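Read through the structure below, which is laid out as structure tokens, and then see the notes.
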Amino acid sequence: MNYCLNLEKKVSSTLILATLSCLVAHLSPAQAAPEVSTKAGASAEPVSEELSLSTDLSTATEVAEEVLTDSQSTEVAANELNLPEIPLTDLETEAETKVQDLLGAETLEAQANANPETSESEPLLLEPLEDVKTLEEDDPMGQVTNVSDLLDVEPSDWAFEAVRDLVERYKCLVGYPDSTFRGDQPTTRYEFAAGLRACLDTIAELVAAGNLVTEDDFEVLQRLTQEFDAELALVGTRIDNLDSRVAFLEDHQFSTTTKLFGQAIFGLQGRSQDNDFQLAGQQFTDTDDQITFINNVQLSLFTQFGPRSLLLTSLQAGNGNTSPTFNNTLGNFTRLGYEGDTGNNDLILTDLNFRQLLGDSFALIFGPEGVNPINVFRGVNRIESSGSGPISSFAQRNPIIGVGVGGAGVGFDWQIATAVSLQGVYTASIAEEPVNGGIFGGDNGETSVGAQLVVSPVDTLDISLQYINAYSPFGRLGTGIGDDQLVLNNPGERGPINTNAFGATLEWRVTPNFTVGGWAGYTDSNFQEAAGDVETFNWMGFLNFPDLLGEGNLFGIYVGQPPKITSSNLPNGRNVPSFISRGDLTAAPGDQPSTTTHVEAFYRWRVSDNISITPGVIVIFNPLHNSANDTITIGALRTTFTF
């Protein structure tokens, strides 16, 4: 009996053939007996063609891994792992698991106490004849006496004869309450054991009666057993192979608690040559215009100590900068999202934080690296990613989310209701520095505290509102995009500012293959050493076309204005627009003379589950918010490997 129960197929029709095969192995015209042993059926183990090696860790990080491969038709909202610096060096990666990943439905289901004896589907009713007699008259199905009573069983079905024999001749089969048999539905080990026991007991009674089992019946059963000999032998071989594979994986696994994800990006890019632009009244020519080949690699380790906790450790190595000469001026308008120069591929730590799910809807994150709004806030634009989303740094997300250069800190993600969530974070740039830094900033540390509310009034619409309060002793926002430096720092002077940043982002998934969205961001920075403040504004509109010309592909069009100083009324000598753009050596109050317009188009082609190639074009009109500067055109070819 052990052998005949090692079936690999798990559909109801095959269960019937398995039952008939088992009968042949134990009954013959000369040896049939009323009592039939079912011990083997009780010990049978189910077999599946696919080996499942999932653990609580894979459950807790499944969103992150799906974001990493970036091959699903519906993009997952995931923020990258980069830490904004001036200059920016950290790679934004899909591999990053955000706080809300611990709040996903799959994770929460994995945390429930599973009952192995409970199935969500209706159990298949296969009972002995004596049990059938006790059915109530008002039972919606009752005893099936004719195969025609089963609405979904047709004479053309491959197992029709087997079903008819069990219904009409052996009378040990009962269907579902809706008068269906569901022959293609998978069968659990409990259903198989119950059905086998029912039919064995019933046929044993019929054999004891001595007038319902004929020589022809046993010949048919013997023939069926012979027909499936090859399949049964193949099942046994596969079981042996699976046992070997499991043993090998257990012996060679990286860790019982840690999974490794990675992303490697190769970038081939260049921009139009001989672009002239003005800085502080002087004419310059952009010399960073050669075609370059850069790389960036991110490795992330997800370590799970339980179904509700996760330790994230990320390492990064990169080489290449597209604007080394004018890094913090012109480079803030031309920077690409996948740049992450760590200094000749030096390995640096970009994330080290712990995430804990408290209850069913509240997650806490804290650690010395990678705790900032970019990593804690949920990204409404579901394709934002330096490896698989837009090409430029500006088009990744609303720049105000990057206000405040932070590393160490604490944050939370609270799923208030099904369609409402709230995230909050506090972060400090040099929390490890005991003299001029610390967790509260000190003299030279930058700090920020912020919150984001995400509302989804309907399934296809996401709206997020952000607020961040940040302090910088150096007079900068810390985004590395557009007008980032707000106060001129003369030798021996500091430019401390306190910034209030407000942002809103919207994404509307009109159809599964068309998304429209946009954002706006406003900042007001108060100068701390004298009266005066600086205001900036940015906006972006975008169109995404997921799965265009193939599953996993993506076409995107982004048009917007990088952060622009719209008002600066600081004391003379401290205002950036008048000095940088107008050449006013007194640096008197004023705003930027004109407006930069950023236009970007890209097409991501999914070569395979782990490789994508993305050509893109960026056109920047009036760079540095100055109409006197030449238009810059950037071409890029990004290749992303995920593993």
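For clarity, every value in this text was computed on a predicted model and none was experimentally measured. Computed from heavy atoms alone, side chains included, the values below leave out hydrogens, waters and symmetry copies.
Using a cut-off of 4.0 Å between Lys/Arg side-chain N and Asp/Glu carboxylate O, Asp483 and Arg476 are scored as not salt-bridged.
There is no side-chain donor-acceptor pair under 3.5 Å between Gln415 and Ser421. A donor-acceptor pair shorter than 3.5 Å cannot be found between the side chains of Asn626 and Ser594. Side-chain contact annotation: Asn629 with Asn622, donor-acceptor N/O pair under 3.5 Å absent. No side-chain donor-acceptor contact under 3.5 Å links Asn569 and Asn575.
A donor-acceptor pair is defined here as one N or O able to donate and one able to accept, closer than 3.5 Å; no such pair exists between the side chain of Thr523 and the backbone of Asn500. The closest donor-acceptor contact from the side chain of Asn332 to the backbone of Asn328 lies under 3.5 Å.
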Next item on the list: Would you sort out whether Arg271 and Asp286 count as a side chain to side chain contact (heavy atoms under 4.5 Å, CB included), showing the intermediate values?
Entry: CA-CA 10 Å; Arg271 57 178 180 252; Asp286 180 16; 2.7 Å; yes

Note to self: Walk me through whether Arg582 and Asp591 qualify under side chain to side chain contact (heavy atoms under 4.5 Å, CB included).
What the structure shows: CA-CA 10 Å; Arg582 302 179 187 274; Asp591 59 0; 3.4 Å; yes

Next item on the list: Tell me, with the steps shown, if Arg509 and Arg382 meet side chain to side chain contact (heavy atoms under 4.5 Å, CB included).
Entry: CA-CA 10 Å; Arg509 295 174 293 285; Arg382 302 191 176 196; 3.1 Å; yes

Next item on the list: List the steps and the verdict of side chain to side chain contact (heavy atoms under 4.5 Å, CB included) for Glu493 and Arg574.
Entry: CA-CA 10 Å; Glu493 292 182 332; Arg574 310 305 294 269; 3.5 Å; yes

Check: Going through the checks in order, is the ring-ring contact (aromatic ring centres under 6.0 Å, His included) test met by Phe333 and His625?
Finding: CA-CA 10 Å; Phe333 293 81; His625 299 296; 5.3 Å; yes

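Between Leu349 and Ser314, every side-chain heavy-atom pair lies at or beyond the 4.5 Å cut-off. Inter-residue side-chain proximity for Val599 and Phe621 is flagged as met; some heavy-atom pair is nearer than 4.5 Å. Residues Leu312 and Leu301 fail the side-chain proximity criterion, which asks for heavy atoms closer than 4.5 Å. Annotation: side chain of Tyr338 is in contact with side chain of Ile294 (closest heavy-atom distance under 4.5 Å). Looking at Val576 and Leu486, their side chains never come closer than 4.5 Å, going by heavy atoms from C-beta outward. The side-chain heavy atoms of Thr505 and Ser464, taken from C-beta on, include a pair separated by under 4.5 Å. Taking 4.5 Å as the limit, every side-chain heavy atom of Leu624 sits out of range of all side-chain heavy atoms of Thr596. Using a 4.5 Å heavy-atom cutoff, the side chains of Phe643 and Leu299 are in contact.
Note on ring orientation: taking the six-membered ring where Trp is involved, the planes of Phe261 and Phe302 are perpendicular (angle over 60°, cut-offs 30° and 60°). Ring pair Phe502/Tyr522 is parallel by interplanar angle, where below 30° counts as parallel and above 60° as perpendicular. In this pair, Phe542 and Trp519 present their aromatic rings tilted. The plane angle is within the 30 to 60° band.
Qualifying side-chain hydrogen bond (donor to acceptor under 3.5 Å, both in side chains) partners for Thr292, counting only residues two or more places apart in sequence or in other chains: Gln269.
Crowding of Phe440 atom CZ: a count of heavy atoms from other residues, nucleotides or ligands under 6.0 Å not exceeding 12.
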